Amino acid sequence: MAFSPKVKRTTKHGDGAQNLLRSQKDAYARLLNQHQNGKFRSYLQELATQQVEESMSTSVSRSVNVVSRRKKGNSESSYSVDSLSSQQSRQMADASICSYTDKTSYQVTCTEDQGIKPGMLEKHARMELHKAAAPKKVPSKPQHKRNEKDIKISSNLVGSEEGDSQQLSCSCGEEQAKDKSKKKRLKGNLAKKDEGECGPEVDVITGKSPNKNIKAPQTQASKESLLQNNKDKGTKSGRGSRKQLFEEYMRTEDVSAGLERGELIKDGSADIFLDGIAARNRALNGDVVVVKVLPPEQWKEVSGDINERTLANQMVPKAPDVIVEARYNEDDEVIGKMKNVCLHDKAPVTTQSVKHGSAFNISGSSSERAMQRTGKVVIIFEQKHSRAASGFLKFLPNKNFAMFSPVDHRIPRVNVPLVDCPADFVSRPGDYENVLFICRITHWPADNNFAEGRLAKTLGQAGEIEPETEGIMTEYDVDFSEFSEEVLNCLPQDLPWSIPAHELSRRRDLRKECVFTIDPATARDLDDALSCKQLSDGNFEVGVHIADVSYFVEEGSVLDQIAGKRATSVYLVQKVIPMLPRLLCEELCSLNPLTDRLTFSVIWKLSPEGKILSEWFGRTVICSCIKMSYDHAQSMIEAPDKHFSAEELPPCSTNHRIHEIKEAILNLHNIAKQLRAQRFESGALQLNQLKLSFSLDKESSMPQGCYVYQYQDSNKLVEEFMLLANMAAAHQIYRTYPELAILRRHPPPQSKMVDDLQEFCDQMGLDIDLNSSRGLHRSLNENLGNDEYAAARREVLTHMCSRAMQMASYFCTGALKDENSFHHYALNVPLYTHFTSPIRRYVDVIVHRLLAASLNCGPPLSLSLEEVHKLASHCNDRKTASKRVQELSSELFFAVFVKECGPLDSEAMVMGVLDQSFDVLVLRYGVQKRIYCNSLEGLKAVHFRKVGKRPEMTLVWEQADPSKESTQQVYYPKQLSVC
């Protein structure tokens, strides 16, 4: 709600004109300096003279009016003339200059990822000048410092606490065409003079802001002030200082005090919408920030259209955008806990503000008139974004810098010095229009929409795989450099390496057992193996054997430090960026066949039904008899009676027959089916989304084909025993180290998004139970029909349901006192960790060290609780970044494949319908896209309507033969239509 600030007049009548005649000097000088047209300048001078004469004659009455109006109530903000500095007076005068802000290019929200056109979310703010004036009196120094915080200029009218001025947005670098329109509007508004007003009014018109009218403080002016203003129009005072677009960050002590008082966000699960670039206050994707919730009158009204809200949630990346830092005292459960602020599930808003009553006491149903809390960033607690981006350079004439435009629209444009640009960039800028560069942001001033930075590297031509890939990795801070000599010196130097005799004596020797690996055909880092033999009592001895990476990576070594920094291997389509040197990943640690290898094993005695009868943990040594692919294992599962020849399988040890290996795989498969059925019956949930895979040219690494990866029974076999091993490891380390164990938790889904999705499914006639993980799993597997599109329908709903899920994360058990918060929602188990992939995950290395210490076969962990907590947080960040890089790599290769081999034809299933677009799942490739109707060739007309609450779109297509009637297609998400 907009308030009208009142001016406290403390000057005497005789001094009024003299003290205030300077107040308009800066404003008019700035105005005249910007608008050099002679007629316009003369007009302003004449108008100002008339205003001065009127104000001189009515100064006493106006002073009385202002003082009396100030007493009306505490709902109106007040300003004292004595407390305003000359600089602030200029800022307030600047606010009354007509300007037009187009923030489309500067949006730092996730709307681009949602697939929504930028034009649909443009925010324009036009300030129309009725009367230009501002109070002025030079205050004392303490007053000056205090009141500099009172007036903040922001880019989207984000409100502040009572007593703060309204914040106006001004864009730097506006186009000349807008300047012309500004002059016309300004002249027209100046001509509309309201004799009844007590002071000047600034009318702010914005598409979505609740603020309608912002009144500037009253003032007077004199003829002498105007004449002096004309003389000074070329000076710095005449030009004025740049307007502050962002609020200054709060001091650390003020933030701590605000958290103590509850004025700032300390609950990381809060659903807060940061509306625009000003509210984000220069925070970038992934940054940890502290947020202040805005007053209820500045909250956004949420649309009641469940379809639109649900679809908006589907088209955003799962990676966190801006994170709220949650602060806790010693008595609280979490130390420095970090969670996501919900930036993605904001529904469309109306243009009206809430003017009366509580934001929650609104007539109508809650689904139709719900309010979305809004906030603003008051400090960036930790800059987790790399501040690096790939993008393009634009030459700016008569400037000593160039404009860098990032590919990611959530990152601001950056001014980079010309000295960083290629030598011939100034003379031949056109040669670099399609060249990708890497830029690092070094500073983002509070008074500029553009950041400042330096060019780091020239990548190459846009659209090519290697330059694009390097840009992706750099932006997400993936370390893809070669390992240093210091790191490599930590590895065994005497090659070929063999296991020392003294190490063999410390371990359980399993080299004669039938142990084998099952991995993707192209895998080279084999970190897990399986064994299974039937016992005389009818039970089975099943072993999971994991590469003993902790033997080679000594705690505290340079190798350990670099592995901890990388935290995970990054899997791109064409290559892997390893966490450890390849000598370890692919040789010394990899469980290659027919080679003795050190392992950490868990061995169970299981009944045929999968019941655990006994369990053993320890360090072992194995010799894998065969390296099998998932396809090899699947062929045995599908043909249990077939006799496989040696030519059909990879090289196998002579100590074990192929029939023995096949029997072991079939027994593991049968037990895995029992374990899997028990898990889902107990309430586990699995949301496997379609994964796109590529076949690559061996020489060029260019995509030759793509297909949806098939998840088979052999994959499920390995998965079940890896899950069982991870759960066993979690219980073992938590029993021994209840304060230092590093586990993995998965919170329940976000209730708001679940409610929206449930309502959406109900309206679409889909029988989906979202009340529990068990109900959801049963719904996705039983209630979607048995027609030819049932599988596709399941994939669509699986994707939609996964968007409501929160991300699983690592944590230190000492940081969470309530064991209920350890729970893993998707697996529905109380304790879980990662133990089975130490070659590619650093958390697994720490778990191995904890296990060794708990079994008295290794030194105790030297890390403190706080260090383990920080390590867990770092691994969460790197895992999230790695996942996003992998997704972007897949998207890049698919785009290149379509460009080289397209167009591609495929059936698609309509997931949802909006008024001018619809979302589809491309069934052949498992790719989701938003289709905009205005981009479809041959489309004659679009008709959108709602049947009840169900959206329906009719597309009318033109015919090549004019004599034939146009073809119509009707799309609606009822049972998910196929197009």
Side-chain angles (χ1 to χ4, degrees), residues 508 510 513-518 527-546 548 599-620 622 633 637 663-686 713-738 741 743-746 773-774 777 813 819 822-837 844 847-848 850-852 854-857:
R508 182 173 173 176
L510 302 176
E513 300 292 333
C514 180
V515 180
F516 48 86
T517 61
I518 304 177
D527 48 15
D528 59 84
L530 295 167
S531 64
C532 179
K533 66 180 180 181
Q534 190 167 14
L535 304 176
S536 58
D537 59 0
N539 295 316
F540 296 89
E541 183 182 270
V542 177
V544 171
H545 315 280
I546 307 302
D548 192 356
T599 51
F600 219 126
S601 301
V602 53
I603 300 175
W604 302 280
K605 182 178 180 180
L606 298 176
S607 69
E609 296 76 28
K611 183 180 179 180
I612 298 177
L613 305 176
S614 66
E615 181 179 274
W616 179 88
F617 265 108
R619 279 183 149 154
T620 56
I622 67 167
I637 293 172
E663 286 299 315
I665 288 177
L666 292 176
N667 289 331
L668 287 172
H669 171 60
N670 291 329
I671 297 173
K673 287 195 298 183
Q674 298 289 335
L675 293 173
R676 190 176 183 85
Q678 293 170 20
R679 279 201 307 114
F680 291 127
E681 183 62 29
S682 299
L685 169 68
Q686 188 150 22
D713 286 338
S714 56
N715 299 86
K716 298 174 184 177
L717 182 159
V718 174
E719 178 188 38
E720 287 304 316
F721 289 105
M722 296 303 113
L723 290 174
L724 196 63
N726 286 334
M727 288 185 280
H731 284 274
Q732 174 66 24
I733 63 176
Y734 182 59
R735 277 196 303 267
T736 311
Y737 298 104
L743 303 182
R744 189 163 177 82
R745 62 190 293 264
H746 184 210
S773 56
R774 177 188 298 176
H777 177 79
T813 52
E819 286 193 6
F822 296 5
H823 187 263
H824 197 289
Y825 174 82
L827 296 174
N828 196 29
V829 295
L831 299 177
Y832 187 72
T833 193
H834 277 163
F835 158 72
T836 56
S837 298
D844 300 53
V847 170
H848 278 226
L850 288 168
L851 275 173
S854 71
L855 300 169
N856 297 317
C857 59

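These numbers come from a predicted model, not from an experiment.
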TODO: Mind running side-chain hydrogen bond (donor to acceptor under 3.5 Å, both in side chains) on Gln732 and Ser854 for me, showing each step along the way?
DONE: CA-CA 8 Å; Gln732 174 66 24; Ser854 71; 3.2 Å; yes
Distance-only, no hydrogens or angles: does the [X] side chain make a donor-acceptor pair with backbone N or O of [Y] under 3.5 Å?
X      : Y      : answer
Glu720 : Ile671 : no
Ser773 : Leu685 : no
Thr620 : Arg508 : no
His848 : Phe835 : yes
Arg619 : Cys857 : yes

Is the closest side-chain heavy-atom distance between [X] and [Y] below 4.5 Å?
X      : Y      : value
Thr599 : Ile546 : no
Phe516 : Leu530 : yes
His731 : Glu615 : no
Asp527 : Ser837 : yes
Val544 : Trp604 : yes
Leu827 : Met727 : no
Tyr832 : Leu723 : yes
Ser531 : Leu510 : no

Please report the shortest heavy-atom distance between [X] and [Y], naming the atom on each side.
X      : Y      : value
Leu743 : Ala730 : CD2-CB, 3.9 Å
Cys532 : Ala664 : O-CB, 3.7 Å
Pro608 : Gln674 : O-CG, 3.7 Å
Ile622 : Val515 : CD1-CG1, 3.8 Å
Leu851 : Ala729 : CD1-CB, 4.1 Å

TODO: Before giving the answer on side-chain contact (heavy atoms from CB on, under 4.5 Å), spell out for Ile603 and Glu541 the whole-Å C-alpha distance, their side-chain angles and the decisive distance to 0.1 Å.
DONE: CA-CA 7 Å; Ile603 300 175; Glu541 183 182 270; 3.5 Å; yes
To the nearest 0.5 angstrom, please state how far the [atom1] atom of [X] sits from the [atom2] atom of [Y].
X      : Y      : atom1 : atom2 : answer
Lys605 : Ile612 : NZ    : CD1   : 13.5 Å
Glu681 : Asn828 : CD    : CG    : 11.5 Å
His824 : Arg745 : NE2   : CZ    : 10.5 Å
Asn670 : Leu675 : CG    : CG    : 11.0 Å
Leu850 : Thr736 : CG    : OG1   : 9.0 Å
Thr836 : Phe600 : OG1   : CZ    : 13.5 Å

- [ ] Under the side-chain contact (heavy atoms from CB on, under 4.5 Å) rule, collect the residues that match up with Ser714, sequence neighbours excluded.
- [x]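 Checked Ser714 against side-chain contact (heavy atoms from CB on, under 4.5 Å); matches are Tyr630, Ala633, Gln634, Ile637, Gln712.
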- [ ] Could you please spell out the steps behind the side-chain contact (heavy atoms from CB on, under 4.5 Å) verdict for Gln686 and Glu719?
- [x] CA-CA 12 Å; Gln686 188 150 22; Glu719 178 188 38; 2.8 Å; yes
TODO: Tell me, with the steps shown, if Tyr734 and Thr833 meet side-chain contact (heavy atoms from CB on, under 4.5 Å).
DONE: CA-CA 10 Å; Tyr734 182 59; Thr833 193; over 6 Å; no
Open item on the list: Below 30° counts as parallel, above 60° as perpendicular, anything between as tilted: where do the rings of Phe680 and His777 land?
Closed with: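 Answer is parallel, since the angle falls under 30°.
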